[in-house]
Amino acid sequence: MTLEKLISVAREQGASDLHLEPGLPAALRVRGTLRTFGEAVSPAKLVEFAREVVGNQHWPEFAERHSFDLSKTISGVRCRINVMQTARGVGFAIRLLSTFQATIENLNLHPDLKKIVNATNGLVLMSGPTGSGKSSTMAAMVQEINLSDDARHVITLESPIEYIFRPRHAFIRQREIGRDTPSFEQALLDALREDPDVLMVGEMRDPQTMRLTLNAAETGHLVMATVHSSTCTEALQRVVGAFPSEIQNAVAAQLADSLVAVIAQRLRFRPDLNIRVPECEILIPTIPIKTFIRNREFFKINQVMETGAEAGMWTFARYQSWLNKRTSWHLPSAADEAPDSEPAEAAGLPAMERTALRPAKPNVPPIAVPAATGVVAPIEIEPIEGGLETVLRKLGS
């Protein structure tokens, strides 16, 4: 089975992710649950897939780093791909994206998120575990700026680019780390000389990137960045805790002064709607909140959030209550596809694309598998001997 066919099957099954590992059947994540299908994929076949998607130009980089990130359109499906070396050989983690006009309304998010992007400077932190729809919400917020009457210069720094925006009222530049700039650090230094109004940082991974992001938020720019944490409080702790202890007080003060909002998000499947709906926790930096951040008393923040509804704060429990009372929902359909969208490889700027929050298609027939492999087998976790070098030596011989 070719990579194109595997991705087509994943799309037909309404999967958000496709995982490929040597010697194991392909695995799909549907509605948050993993399931395998088909026959085991051979190590040689996956190396062939990797050479195809990585390309000869970047293959030496992959051989050196043992991983490679890219976005690519395969079989008409926009994909975010991570190619990696594992104990078994070369593996793939593929996120299936879909052309979609991502807005606050279309993603069934609370209208309060629109108020956040009205700020002209400061830091907006978007947090959540992997696969929680952070990128979709960030894209919707950028699109909200793009569609507003106030024209602003937006620069996005991503690794890789997942969403491609067509400028409407905003002037949007998108830079991919590794292709358009060597690192987030260099991209942030460059951005401060490029007259931005809004900066979107795909991920704050290290203290230097975090420090430059905080500096940008303090110098008159609206900065939106993502971190991996499950709650708003953990997001703040993660940023401050990434720095050496001797400067954490200064970082906490800087964070308190520049913060606009923290949004923590997770996804919950709604069987009645057949879609995954985002649930959010929203922290607004009131004076007590800023004091707690400055003093690094993060354990006191949750209590203030419980009584902070008038300031625009939302706990997960209150947000769930709002969702349960909601009667009007946006259900993705063919009408949502951008009417003027272009393929990602075409000249010009294609319409915006998004990931996650895509419902599983109802009444999809089961995947046809050979009789010998019709039973879904448990995933074997015991590693086998050999890795990327072993596979490459065998192919060379």
CZ (Phe62) and CD (Gln85) are apart, to the nearest 0.5 Å, by 7.0 Å
Under the side chain to side chain contact (heavy atoms under 4.5 Å, CB included) test, which residues partner Asp206, sequence neighbours left out?
Gln208, Thr209
Under the side-chain hydrogen bond (donor to acceptor under 3.5 Å, both in side chains) test, residues paired with Asn295 that sit two or more places apart
none
Determine which pairs satisfy salt bridge (Lys or Arg N to Asp or Glu O under 4.0 Å) with at least one residue from residues 108-119, sequence neighbours left out, and list them in order.
Glu105-Lys114, Asp112-Lys115
Check against side-chain contact (heavy atoms from CB on, under 4.5 Å), Ile145 and Met224:
CA-CA 12 Å; Ile145 295 172; Met224 299 186 292; 4.3 Å; yes
Enumerate the salt bridge (Lys or Arg N to Asp or Glu O under 4.0 Å) contacts for residues 225-234, please, sequence neighbours excluded, ordered by first and then second residue.
none
Taking side chain to side chain contact (heavy atoms under 4.5 Å, CB included) as the test, write out the residues that go with Arg294, two or more places apart.
Ala253, Ala256, Asp257, Lys290
Is a donor from one side chain sitting under 3.5 angstrom from an acceptor on the other, for His228 and Glu203?
yes
Residues pairing under ring-ring contact (aromatic ring centres under 6.0 Å, His included) where one sits in residues 1-35, two or more places apart or in two chains, turn out to be none
Measure from NZ or CZ of Arg205 to the centre of the six-membered ring of Phe184, then state whether that distance is under 6.0 Å and the direction lies within 45° of the axis.
no
Does the pair Leu113 and Ile263 meet the rule for a side-chain contact (heavy atoms from CB on, under 4.5 Å), with working shown?
CA-CA 9 Å; Leu113 270 70; Ile263 306 165; 4.3 Å; yes
Steps toward side-chain contact (heavy atoms from CB on, under 4.5 Å) verdict (His169, Ser148):
CA-CA 7 Å; His169 296 159; Ser148 68; 5.7 Å; no
Within the supplied structure, the quantity of interest is the number of heavy atoms (other residues, nucleotides, ligands) at a distance under 6.0 Å from Gln186 CD; does it exceed 12?
yes
Which residues share a side-chain hydrogen bond (donor to acceptor under 3.5 Å, both in side chains) with Gln237, sequence neighbours left out
none
Less than 4.0 Å between a side-chain N and a carboxylate O, is that true for Arg51 and Glu48?
no
Does Ser75 use its side chain to pair, donor to acceptor, with the backbone of Val77 at less than 3.5 Å?
no
State, with a plain yes or no, whether a side-chain heavy atom of Arg211 is found less than 4.5 Å away from one of Val251.
yes
Asn146 meets the side-chain hydrogen bond (donor to acceptor under 3.5 Å, both in side chains) criterion, sequence neighbours left out, with Gln143
For Ser132, is there any backbone N or O sitting under 3.5 Å from a side-chain donor or acceptor partner on Gln265?
yes
Phe49 side chain near Val83 side chain, heavy-atom distance below 4.5 Å:
no
Under 3.5 Å, side chain of Glu281 to main-chain N/O of Cys232, donor-acceptor pair present?
yes
State whether the side chain of Gln13 and the backbone N or O of Leu28 hold a donor-acceptor pair below 3.5 Å, judged by distance alone.
no
Just grab all the side chain to side chain donor-acceptor pair (under 3.5 Å) pairs involving residues 316-329, residues at least two apart or on different chains.
Glu279-Gln320
Heavy-atom check, side chain of Arg179 versus side chain of Ile161, under 4.5 Å:
yes
Is it true that a side-chain atom of Gln174 and a backbone atom of Phe165 form a donor plus acceptor pair closer than 3.5 Å?
yes
Suppose we screen for side chain to side chain contact (heavy atoms under 4.5 Å, CB included). Which residues come up paired with Ala235, at least two apart in sequence or across chains?
Ser127, Val227, Ser229, Val262
Please check this pair: side chain of Lys134 against backbone of Pro129, looking for a donor-acceptor N/O pair closer than 3.5 Å.
yes
Would a 4.5 Å heavy-atom cut-off, applied to side chains only, mark Leu222 and Thr120 as touching?
no
Under the salt bridge (Lys or Arg N to Asp or Glu O under 4.0 Å) definition, can you give me all pairs with a residue in residues 235-246, not counting sequence neighbours?
none
Check the pair Arg175 / Glu158 against side-chain contact (heavy atoms from CB on, under 4.5 Å), numbers first and verdict last.
CA-CA 6 Å; Arg175 303 189 73 192; Glu158 304 165 77; over 6 Å; no
Please name all residues satisfying side chain to side chain contact (heavy atoms under 4.5 Å, CB included) with Thr2, sequence neighbours left out, ordered by chain then number.
Glu4, Lys5
Is the backbone of Val277 close enough, under 3.5 Å, to the side chain of Asn108 for a donor and an acceptor to pair up by distance?
no
Asp272 CG: over 12 foreign heavy atoms closer than 6.0 Å:
yes
Does the Ser42 side chain pair with the main chain of Lys45, one donor and one acceptor, at a distance under 3.5 Å?
yes
Side-chain (Thr103) to main-chain (Ala140) donor-acceptor, under 3.5 angstrom
no
Could you check whether any side-chain N or O of His330 sits under 3.5 Å from a backbone N or O of Leu107, counting only pairs where one atom can act as donor and the other as acceptor?
no
